[in-house]
Each structure stands twice: as C-alpha cells, then as structure tokens.
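In listed order, ligands and their atoms are each counted from 1. Quick note: numbers below take in every heavy atom, side chains included, and nothing from hydrogens, waters or symmetry partners.
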Amino acid sequence: MERGDIVTVQIEDMSSEGQGIGRADGLVIFVPHTVVGDVAEVRLTKVKKRFAFSHLKEILKPSEYRTDIEPCGGMAEGCGGCSFFPMEYGLQLEVKEKQIREKLRRLAEIEEPPLEPIIGMEPEDNNGLGCFRYRNKAGFPVSTGGIITRKGGIVENLGVPAVGFYRARSHEVVDAPECYLQSGAAMAAAAALRQFMIEDNITGWDPKWEKGLMKQLIVKTGFRTGEVMVILTINGKGIPNMQKLAEMLDDAVYEAGYSLESIVLRNLKGEDTVAAGKNVIRDQIGDLTFEISPASFYQVNPVQTERLYDKVREYCGFSAKADACDPSAMPEALQENGEKPVILDLYCGVGTIGLYCADEAEQIIGIEIVKDAVLDANRNAVVNGIVNARYICGKAEEILPLYAGQKKDSGRTANLKEDASVKTDPNLAEAISRASIAILDPPRAGCRPELLEAVIDLGVERIVYVSCDPATLARDIKFLGEHGYDLQEATPVDMFPHTAEVETVALLSQL
Ligand SMILES: C[S@@+](CC[C@H](N)C(=O)[O-])C[C@H]1O[C@@H](n2cnc3c(N)ncnc32)[C@H](O)[C@@H]1O
C-alpha cells in the first residue's frame, strides 16, 4: 500500500493520542476523529513498513459508542484538544484503563498488572455538569492571523483576533468562543480580551516575525472560592489602555459568577508582574485552603483531585480524610509503636498532597523546583495551621541524593557527598533518613534514575507514585521492580475527560 491509497477500515482500538486504530493488508492504520466500532473510509497520508497514518474521508458505519452530543464551536473549527470527545464517556474510561494495563504489561513487564477500575467523573459532579467544564485552568493562545509592518514601522493585524486553541497537530490558532471543558470564568475572560483587542486594535503575536503584543491568556479559577487570576503573556512592557482591559475582564468574570482577584502580566522570559489585585488566588481541597501563585502548578480538575488525593492517602496506609489513621494499614515498622511516618512529598508543587496527608504524618518534607511554588507551600502550611511540614527548593534528583547519600554513608560523615550550591540541613537529614513513605508526583517525563536510586537508598517502605503519563510510569515501575519494589496496586483516575490524558496512582513496596 502507498500514500494516497483509499482504504476501508474497521476501528478496533484507540491510540494513546486518541486516534482510532484499524488494520488493512497487515498494516496498522491510525485514523483521526474515529471511535472503536466505526467503519471508515480513509486516505493514507504516510505509509511505513508496519503502520500508516491516514486522513478520514467518511464514516461509512458509525460506532454504537459514538456520543450524540454536538461538538462545541472550537471542535467544529478543528481544535485538537478533545480527541476522545466523539466517544461515549463510559468507553473513554474503558480505553484509558486498557491503555494503562497494556503499558504496564509491555514496558513494566508485568503480565497481570494489579490494576483497579478507573475512577471516572459522575454525572452529579461539578454542580451537575458531570465531566464537562471541569477544568480550573485554561490556556488560550492569541493570534490576529499574522501582522504586517507598513512603511514608517506601523504594525497592523492581518486578520481578526482569535483567542482560542491550536488546530490539531499545528500552531495555527483557532478561535474558540465556546469550549466544553473550561469554566464560565475562563470563557468570559477570553471573550472580554477578544472584544478589547477588536475595540483597541491590539496586535496578536505573530511567531513568524516574532512581533505583535498579545501572546497568551491563562485563566486560573478557584472552583471552591470563585477567585479568578488572569495571566496575560505579552511581547512588551505593558498593554495600552490597561485600565479599560482590567474593567472589561472584571465585569465579564463577575457576570459569569466569579470574582477577578488578580491580573498578571508575563513577559516572554516568563517574568511576572502583578498589574492589578493580588499575587495569588485561593482555593480549597477537602478541608484545606491553598494559595496559588501565577507560576505554581495546581491540579486542573478539582473534583477528581480530591479522589486522587484520597487514593494517595489510602496507598500511604491512611483511612479516609475524616477518619483516624488505620494502624493495621500502616507501614509495618510503625505498627508496633504507633509512630507516625515521615513522608517525602517529592515534586510537591504548592504542597497540596503532603499537606492533605499531614494529619497522619510525623513530618512532611517536600521538594519542588519552582521557587514561588515552594513559597506557596510554606504559606499553605501556615494558612492551614500545619506545623509539621518543611520544604526544600531545587531539583528533586539533585537534592534527595545528597540526603540519601548521608544515610548510606552514615558513620563515614567525612566522606559525605556535598554540593557547593546546596547545603544539607542536619535536622532534615535526620528526618529524611527515617522516611518510610515517598510520594512521587513528577511531570510527564517521569523520575530521573538518580531520584529513584535515592528513594531506594533511603529504603522507604512504601512508594506512592502519581503519574500523568502511563509510559514513563511503567518505565519507572520496571526500574523500581529491579531494585526490590513491587507494584502492589494501581488505580487510574480520569482527571482529563474527553482528552487522551489519564492520571494513575500506584503503590509499590519492598518485596
Ligand atoms: C505534576 S506536578 C505535581 C505537583 C503537586 N504534587 C500537586 O499535586 O499539585 C509536578 C511538579 O513537579 C515540579 N518539578 C518539575 N521538575 C522538577 C524537578 N526536577 N524537581 C523537583 N520538582 C520538579 C513542577 O514544578 C510541578 O510543581
């Protein structure tokens, strides 16, 4: 078969990027915008030895698993964000669970992975919106279809402002007056910015010439507090008529039922300046309050975050948040004397997971690379009256090995590994040497081997691994398995309905 051939395929499976997978003439064929059970006519666009990519020409027979919900305006325009949207939500969950099982089989080499059923969203979640409008963070790229520089240096827009999303597999910005995933506050702020750009003839970022003012709008919403932060990434020092924009954003967010608490300008180097209001917004998870800075990570699906963190508590050996610690579920060494464990919260962000478990810990020690997030984490401990949490700013894979090295070399302190830039604190070193639980929640790339080796050297009893990429999770589980930590159980949590993304929490312990 070759490029340009027209082929009929039955879709049998889904790829981790959300494309349908069919077979013809011994070739695996990836087909966008299809669902398991569809029969589709496709044109091959790239043909390799074993697989081919294709363009969907026509659905000849629709799958029974197709949703009957109309796509939103953005999707109709080609927004590539919701690749799982055509599938009924129940099938989305099945596909995600299957993908994790297969990754654990293939990459972690576990024949029968101990995988629990995926935790999906319920129809009554999110004030009855179920698995829609669940996101508390929206990032809208901005464009005016390019810009042109006239004689005399006057810069003009070539098109009208689009505040939206990238077209699938491209950097073209698609305007999206509607999106099924974003909060009302995010969509209202996007509409206000679009209107302001039209009225005040503001230029949009043009990547070709690296010119134009407005590059990106980010809206963070505290679902439990209603507080909203708007971050505008701009190519310049300020926005002409900023006061007018601030008022338009404030009115729009208020009308949507939220409260605009902060407007931040971010330059192209990623440096933030508060243009109006506060430098943080607040939100709540369970009975705890969190302050979140512009640059800090915060989980995007608040309903599922509580379920995710409750699963983390369960895997740490703690019972549900409101109940007392269940001693029979605690790490063995701690069961005898009823001691509480020292918990490492690695890649801790604003401290959420560790602080959520702090009532059952002797001490929480968090490590995080983003300085503002570490400052947030320290304040969040204080805001919640938590006194047993400490935070270190730096790369987890550099900091933890320094401390783990001390435990390994104990008795030979003269030979301690020392890094000129990072001084180890003897009190922290003593606490870290007694850590019995390590919570790992790395970015998509997973953990560096140096970090995993340090966790292994510390000899913790439990590793609770929270992952947003099943492939790197499976790779790290394999590594940990080779060093004495067995996968006991894993639970997928659907943090990102309608997209191909999925979160997993895994419990590993020593053999
Ligand atoms: C997936 S987030 C998890 C944050 C937090 N546990 C939560 O639930 O909100 C990953 C965090 O790791 C941080 N990070 C990324 N690379 C890191 C590194 N090498 N060392 C420490 N932290 C890192 C990011 O800034 C981010 O806050």
Side-chain angles (χ1 to χ4, degrees), residues 135-137 220 222-224 270 272 280-286 288-313 315-316 343-358 361 364-381 384 389-404 419 421-422 432 437-455 463-473 476 493 495-496 501-506:
R135 282 191 68 98
N136 60 17
K137 181 182 173 196
K220 295 187 176 192
F223 272 27
R224 295 262 300 272
D272 293 334
V280 292
I281 53 166
R282 286 189 171 206
D283 197 23
Q284 284 161 346
I285 303 175
L288 301 177
T289 298
F290 293 96
E291 293 192 350
I292 309 135
S293 291
S296 299
F297 176 92
Y298 188 63
Q299 298 285 351
V300 299
N301 182 333
V303 171
Q304 293 294 81
T305 299
E306 270 189 56
R307 293 178 180 144
L308 178 78
Y309 288 1
D310 277 334
K311 193 45 83 175
V312 170
R313 278 180 69 95
Y315 284 175
C316 284
I343 301 179
L344 303 178
D345 182 6
L346 306 173
Y347 311 88
C348 65
V350 301
T352 43
I353 299 186
L355 295 175
Y356 200 76
C357 298
I364 300 287
I365 297 164
I367 306 180
E368 161 65 43
I369 197 170
V370 173
K371 191 174 157 215
D372 284 353
V374 173
L375 295 172
D376 289 346
N378 272 306
R379 270 199 327 280
N380 288 332
N384 291 291
R390 289 194 59 185
Y391 296 96
I392 310 171
C393 185
K395 290 184 181 170
E397 65 272 21
E398 289 178 0
I399 304 276
L400 198 68
L402 291 177
Y403 286 98
D419 180 304
S421 62
V422 189
I432 289 174
I437 300 174
I439 300 169
L440 318 182
D441 186 7
R444 290 188 68 80
C447 297
R448 305 265 312 184
E450 306 90 281
L451 183 276
L452 295 177
E453 277 162 10
V455 170
I463 298 172
V464 180
Y465 195 135
V466 180
S467 159
C468 54
D469 184 339
T472 54
L473 171 70
D476 290 349
V493 182
M495 301 289 280
F496 316 98
E501 314 283 312
V502 63
E503 198 91 1
T504 313
V505 197

Ligand-side contact atoms (ligand 1) for residue partner Thr352, heavy atom cut-off under 4.0 Å: 7 (C), 8 (O), 9 (O)
Distance filter under 4.0 Å to Val370 heavy atoms, resulting ligand 1 atoms: 25 (O)
Tyr465 side chain to Asp476 side chain, donor-acceptor N/O pair below 3.5 angstrom: yes
For Lys395, atoms of ligand 1 separated by under 4.0 Å from a heavy atom: 20 (N)
Close approach of Ser296 to ligand 1, heavy atoms, under 4.0 angstrom: no
Asp345-Tyr391 side chain donor-acceptor pair, cut-off 3.5 Å: no
Heavy-atom closest pair, residues Leu346 and Leu440: CD1-CD2, 3.3 Å
Any Ile432 side-chain heavy atom under 4.5 Å of Leu400 side chain: yes
Contact atoms of ligand 1, heavy-atom distance to Ile353 under 4.0 Å: 6 (N), 8 (O)
Protein contact of atom 19 (N) of ligand 1 - nearest heavy atom, named by residue and atom, plus distance: Glu397 OE1, 2.9 Å
Side chains of Phe496 and Gln304 in contact at under 4.5 Å (non-hydrogen atoms): no
Min side-chain heavy-atom separation Ser293-Arg379 under 4.5 Å: yes
Taking atom 12 (O) of ligand 1 as the reference point, the nearest protein heavy atom with its distance: Tyr347 CB, 3.4 Å
Non-hydrogen side-chain atoms of Asp376 and Glu368 separated by less than 4.5 Å: no
Taking atom 10 (C) of ligand 1 as the reference point, the nearest protein heavy atom with its distance: Asp441 O, 3.3 Å
Proximity of Cys348 to ligand 1 by residue part, where a heavy atom lies under 4.0 Å: backbone
Arg307 with Asp310: basic N within carboxylate O range, under 4.0 Å: no
Tyr309-ligand 1 polar pair, N/O distance under 3.5 Å: yes
Side-chain heavy-atom pair Leu452, Glu397 within 4.5 angstrom cut-off: no
Selection from Ala396, Cys447, Gly354 by shortest heavy-atom distance to atom 20 (N) of ligand 1: Ala396
Under-4.0 Å salt bridge between Glu503 and Lys311: no
Pro442 neighbourhood, listing ligand 1 atoms whose heavy-atom distance to it stays under 4.0 Å: 1 (C)
Location of contacts on Ile369 toward ligand 1, heavy atoms closer than 4.0 Å: both
Protein contact to atom 15 (C) of ligand 1 [nearest heavy atom, distance to 0.1 Å]: Pro443 CG, 3.4 Å
Distance filter under 4.0 Å to Gly394 heavy atoms, resulting ligand 1 atoms: 20 (N), 21 (C)
Interfacing atoms of ligand 1 (cut-off 4.0 Å, heavy-atom, Gln299): 7 (C), 8 (O), 9 (O)
contact_flag Ala373 ligand 1 heavy-atom lt 4.0 Å: no
Note: Glu501-Arg444 ion pair, threshold 4.0 Å (strictly below): yes
For atom 24 (C) of ligand 1, the protein heavy atom that lies nearest, with its residue and separation: Glu368 OE2, 3.5 Å
Smallest separation among heavy atoms of Ile367 and Lys395, with atom names: CG2-C, 4.4 Å
Polar contact flag for Asp345 and ligand 1 (N/O pairs, less than 3.5 Å): no
